[in-house]
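Both backbone and side-chain heavy atoms feed into the values below; hydrogens, waters and symmetry mates do not.
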Amino acid sequence: PIAADPKSNDVCYVADVSWVSGGLYKTTDSGFNWKRCTERMHIRDYGWITQWTTAVNSIAIANSNPDIIYIGTSGHIFKTEDAGNSWTQVYSNSNGKGFSSSRGLEPTCIYSTTVKPGEKDVLYASYYDLGLLISDDGKVNFRRVTSGMEFKDNTFVVAIDPGDSN
């Protein structure tokens with residue numbers, strides 16, 4: 001995946017989806033130089049699955065504030081509010097000591113993340129096995145939305161019409 005900063009032509013993010021070297025890279029000079037911006041990301045709680053990596057499957061930048069970026073890895077969602085300098089694991093409970101405990105969504109297969117235009121706290125998360133989850137509060141709570149969907153357990157991409165405010 002590739003995502004461009006909506007307010008700067010020089011800033012772009014590129015995902016590395018490899019299980020060996022996965023991460024997110026950022027350029028601030030139109031692609032002449034790249035820097036890995038997921039070095040300080042710490043995946044908190046793997047539970048019984050020990051093969052998780054930071055292979056980035058999706059990137060979503062908030063149009064209203066491009067410092068807010070969500071990335072979906074093979075089993076986690078992370079959020080930065082400072083353009084990639086620091087990351088927090090979404091939908092996990094922090095214990096206040098630099099670690100988090102799972103709330104049960106981590107061992108799933110995320111496919112894409114989308115931020116609603118103009119609404120930095122509305123996040124759509126598409127999963128291979130859970131369908132569509134929506135957070136209206138910027139990561140704290142997610143609800144599963146399947147009404148009207150023929151295949152409720154698989155959602156791959158969410159596209160939002162910027163001209164429709166609903």
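For Asp29, the side-chain contact (heavy atoms from CB on, under 4.5 Å) partners two or more places apart in sequence, or in a different chain, are Thr27, Phe32, Asn33. Residues satisfying the side-chain contact (heavy atoms from CB on, under 4.5 Å) test with Ala62, not counting sequence neighbours, are Ser64, Ile68, Val115, Lys120. For Asn63, the side-chain contact (heavy atoms from CB on, under 4.5 Å) partners at least two apart in sequence or on another chain are Pro6, Pro117.
Here the rule is side chain to side chain contact (heavy atoms under 4.5 Å, CB included) with Pro1, and of Ile59, Val14, Val56 only Ile59 fits it.
You'll find the side chain of Lys116 stays beyond 4.5 Å of the side chain of Asp121, heavy atoms only. Ile77 places a side-chain heavy atom less than 4.5 Å from the side chain of Tyr70.
Between the CD1 atom of Ile61 and the CD1 atom of Ile69 there is a distance of 5.0 Å, given to the nearest 0.5 Å. Residue Asn85 holds its CG atom at 8.0 Å from SG of Cys37, rounded to the nearest 0.5 Å. Annotation: the span from Ile134 atom CD1 to Thr114 atom OG1 amounts to 10.5 Å, rounded to 0.5 Å. The OG atom of Ser147 sits 11.5 Å away from atom CG of Leu132, with the distance rounded to the nearest 0.5 Å.
Using modelled atom types and a 3.5 Å distance limit, the side chains of Ser112 and Ser126 yield a donor-acceptor pair. Judged by distance alone, the side chains of Ser30 and Asp10 do bring a donor and an acceptor atom under 3.5 Å apart.
For the pair Thr80 (side chain) and Trp87 (backbone), a donor-acceptor distance under 3.5 Å is absent. Not one N or O on the side chain of Lys7 forms a donor-acceptor pair closer than 3.5 Å with the backbone of Asn65.
Cluster annotation: Trp34 and Val11 are assigned to distinct hydrophobic clusters (Ile/Leu/Val/Met/Phe/Trp/Tyr, side-chain heavy-atom contacts under 4.5 Å, transitive). Under a hydrophobic clustering in which Ile, Leu, Val, Met, Phe, Trp and Tyr are joined whenever their side-chain heavy atoms come within less than 4.5 Å, directly or via other members, Ile2 and Val17 fall into different clusters.
Between Asp16 and Arg36 no salt bridge is recorded (no basic side-chain N to carboxylate O distance below 4.0 Å).
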- Message: Tyr124 vs Ile160, test: side-chain contact (heavy atoms from CB on, under 4.5 Å). Steps then yes/no.
- Response: CA-CA 10 Å; Tyr124 298 87; Ile160 299 173; 3.5 Å; yes

